[in-house]
Amino acid sequence: MIVGMRTRAQAARVVAATGGAHLPGKPNPDGTARLSRYVDVGPDFEPHRGAVESVSVLFDLFDGDRDGYTETGSPGEPVPSGWTVSGAQFEVDWPTDPDRCALVRSHFGARRKAFNWGLARVKADLDAKAVDPAHDCVGWNLGSLRKVWNRAKDEVAPWWAANSKEAYSSGLADLAQALSNWSASKTGTRKGRRVGFPRFKSARRDPGRVRFSTGAMRLEADRRTIIVPRIGALRSKENTRRVQRHLAAGRAQILNMTLSQRWGRLFVSINYALRTPTTACVVSQPTVTAGVDLGVRTLATVATIDAATGAQTLTEYPNPAPLKATLAACRRAGRELSRRIPGSRGWRHAKAKLARLDRRCVYLRREAAHQLSTELAGSYGHIVIEDLDVAAMKQGMGRRAFRRAVSDAAMGALRPQLVYKTARYGSVLTVADRWFASSQLHHGHTLPDGTPCRLVGTTKLDKQLRCPVTGVVVDRDANAARNLRDWPEPASCGPVRATAPSVPGPTKSVGTGHGGDAGTSAGADGASVRPRPRGARSGEAKTQTPQGDAA
């Protein structure tokens, strides 16, 4: 078995604790040998589990050995390590002591100060590099930025000792990640929208946030108190049992805590490693396949079929549309805020009212997505969903109200939740091809030549579509859910040349199911089986296509 640690230093500590073999890595640019982060601990890993976990619980486990790694350079197939990374967020009260409140805001400002100072140093190095190519620039990684900061912090921020060192490290880590994202986007190695060069953070626009990775981080036994480094005890507004019980039993370890401010309230986000439960959750209907069509009118339309009995059902989950429900109140609150003197008592009350409406929309939208994803993952053994490009859907909408409705539905939040929840319950998740016209193909009807019959409508947003052959009026969402449920049987012979789902793993991706905005669908052999739509640039998706699904 081969253990993959996060760094080479951790791998060296594992070698000293277990007596394993430190595997070689890629040589340095000058040709000298260099060790990797992989350690061969022998055929049985369990006797060395305690020694490895004493170094770090964030490790990867592979089924390879030293000889196979030397021949192929691969550690082998991944094996469950016994740990999963999870997170939880709790809202906490602001400290009653004014000095502690000022300390919290001081940590937010310290993070922002370190970020702005590091960005100014990077920009100065770039300007100097343009004049003198031999200028020695600071590295764009956290280690280099922290070394330079530690040498200059006495002059730059003489008050640095008043805050935790993690506040400054958090700002520099965010800067290193922002520079890495910009560099990867510029070279084309990062998918998605183009990322701009980092900009200086303003105290008015930058949300207060600081991340702690070291220090006293714990949850007290009263399940109401959260200890944050340097700031101390913060009282949670909700019970912390879902995390505290694992920590008390030794089944979890806190990795980091993030203290943030939003809507004028404080939140503590806890990132922790949890030991994988030995008894997995059980799906209530393992023989049922469900096709899930997401939409704006209804949050989801689910069509199911039982492979054992052949029973079929169709269920619609209503869309709460919290923004639409509170839009009039938000407009009134916005007008009230604009009529108040900034900084006055009435201005603060009006701002709090507007923030309360915004917070309610966020919570209702999040709760609806979690309830739906939990019910789907725990009920059905096989779930098929669409690969939606929500950003392109909003761009294809003509009116602003349509784009707002797409954002209010939050359809993009369901797929990431289903990914980890289906793995927890043991169900299978399949992502259908993005270009599969699930709404336009008439389910169960084909033309005489065998091709699927395409439904037509007056506009691209019609709820009811008509079959030009039989004249039957079909519900758009129900038809799409049935087509997804029967994937890939009707799709394999469709005009979009959809590919078959991948075989390994509980979560299967089909075609362009990786979520990128690619304009082509790759076949089983990796070749393009569908040309890029006319009018779409390289790396972009087009929503209004003859074979795309407008809904």
Side-chain angles (χ1 to χ4, degrees), residues 289-296 300-305 314 376 382-393 396 406 411-412 414-415 418-419 428-447 450-457 460-462 465 467 474-503 507-534 536 540-551:
T289 301
V292 183
D293 177 70
L294 303 177
V296 176
T301 303
V302 181
T304 65
I305 183 171
L314 184 67
L376 292 175
H382 186 195
I383 304 171
V384 184
I385 61 174
E386 294 178 291
D387 179 24
L388 296 176
D389 187 357
V390 181
M393 290 175 61
V406 173
M411 293 179 287
L414 187 65
R415 177 179 170 181
L418 281 176
V419 168
V428 178
L429 177 65
T430 299
V431 181
D433 191 277
R434 174 171 295 179
W435 304 107
F436 173 49
S438 58
S439 298
Q440 299 178 14
L441 298 180
H442 193 182
H443 179 267
H445 290 75
T446 58
L447 296 176
T451 59
C453 180
R454 301 185 67 87
L455 302 173
V456 295
K460 64 180 181 179
L461 299 178
D462 284 344
L465 301 179
C467 179
V474 181
D475 183 89
R476 181 193 198 100
D477 299 334
N479 180 75
R482 292 189 179 98
N483 282 329
L484 291 172
R485 178 197 64 189
D486 297 337
W487 173 274
E489 285 78 6
S492 297
C493 59
V496 295
R497 301 293 189 272
T499 59
S502 57
V503 176
T507 300
K508 302 189 291 185
S509 180
V510 183
T512 56
H514 51 74
D517 294 343
T520 60
S521 298
D525 56 354
S528 176
V529 293
R530 184 182 187 278
R532 187 174 70 249
R534 182 175 299 177
E540 293 186 350
K542 184 176 180 180
T543 57
Q544 300 179 10
T545 60
Q547 293 135 334
D549 189 2

Quick one: CZ on R454 to NE2 on H442, what's the gap to the nearest 0.5 Å?
13.0 Å
Would you call D293 and R482 a salt bridge, taking side-chain N to carboxylate O under 4.0 Å as the test?
no
Quick one: closest heavy-atom pair of L294 and M411, and the distance?
CD1-O, 3.7 Å
What's the spacing between L441 CG and L455 CG if we round to 0.5 Å?
8.0 Å
At what distance, to the nearest 0.5 angstrom, does OG of S438 lie from CG of D477?
9.5 Å
Does A290 have any side-chain contact (heavy atoms from CB on, under 4.5 Å) partners at least two apart in sequence or in another chain, and if so, which?
V302, T304, Y380
Taking N479 for its side chain and H443 for its backbone only, find out whether a donor-acceptor pair lies under 3.5 Å.
yes
Looking at side-chain heavy atoms only, is the closest gap between I383 and V292 below 4.5 Å?
yes
d(D387 CG, D433 CG) to nearest 0.5 Å is 7.5 Å
Rounded distance [0.5 Å steps], OG1 in T301 versus CG in D475
7.0 Å
How long is the span from the CG atom in L314 to the CD1 atom in I305, to the nearest 0.5 Å?
12.5 Å
